[in-house]
Amino acid sequence: MGLAEMEPVDVKLTDYRMKVYLAVAAIPQGKVSTYGLVARHIGCSSARAVGQALRVNPFAPDVPCHRVVRSDLKLGGFGGRTDASALARKRDLLLSEGVKFVDPDTIHPDSLYDFSQPAG
DNA sequence: CATGTGACGCCTG
DNA sequence: CCAGGCGCCACAT
């Protein structure tokens, strides 16, 4: 095993990242939002940059990063990974919170939270 | 300062 | 439905 693999991931908490974490913390249980909607909510036009910030989440589980999915309502990634086992954990977490799925990999639109309503 | 890399998203063919 | 192409932008190198 290479030494690099055991290095701790040093997370630089920039203003941008904090904005992302704050926004994600507002997503209620049983709902999801999308990378793009989070980006818009914090005044940014790059969903990719939101994904970058969520690759490492130093505030789990207070910041429920598993509640952020792609705009097509497929899962995206989890724990910095996009492989099947990581996505299966993300799906199980969402299922346990009451998020509805239309198929094993796609969330039902009813479960979308778009930040427009204060009380979900 | 230049370049590469994504947990993205939209448009085209 | 499935590729590509490209804009996007924070971060690492």
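Note: hydrogens, waters and symmetry copies are ignored here, and every other heavy atom, side chains too, is used. If you're wondering where the values come from, they're calculated on a predicted model, not measured in any experiment. Lettering follows sequence order; numbering is per chain, from 1.
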Checklist entry - Between A/R81 and A/D83, does at least one N-O distance fall below 4.0 Å, as a salt bridge requires? => result yes
Checklist outcome for this item: The nucleotide from B/dG6, B/dA7, B/dC8 with an atom nearest the side chain of A/L54 is B/dA7
Checklist outcome for this item: From the candidates B/dT5, B/dG9, C/dC9, the one with an atom nearest any side-chain atom of A/A49 is C/dC9
Checklist entry - Looking at A/T14, does any N or O in its side chain come under 4.0 Å of the phosphate oxygens OP1/OP2 on C/dC11? => result yes
Checklist entry - Which one, B/dT5, C/dC8, B/dA7, comes nearest to the side chain of A/S46? => result C/dC8
Next on the checklist: Checking contacts here: which listed nucleotide (B/dA7, B/dC10, C/dC9) is nearest the side-chain heavy atoms of A/S71?
Outcome noted: B/dC10
Checklist entry - For A/V99 and A/K31, which heavy atoms make the closest approach, and how far apart are they? => result CG2-N, 4.0 Å
Checklist entry - Within the structure shown, what part of the strands sits under 4.0 Å from A/R55 by heavy-atom distance: base, sugar-phosphate, or nothing? => result base
Checklist entry - Got a donor-acceptor pair under 3.5 Å from the side chain of A/R48 to the base of C/dG7? => result yes
Next on the checklist: At less than 3.5 Å, do the side-chain atoms of A/Y35 and the base atoms of B/dA7 form a donor-acceptor pair?
Outcome noted: yes
Checklist outcome for this item: Winner on side-chain proximity to A/S45, out of C/dC8, C/dC11, B/dC8, is C/dC8
Next on the checklist: Just to be sure I understand the rule, does A/G36 reach a base, reach only the sugar-phosphate, or reach nothing, if contact means heavy atoms closer than 4.0 Å?
Outcome noted: sugar-phosphate
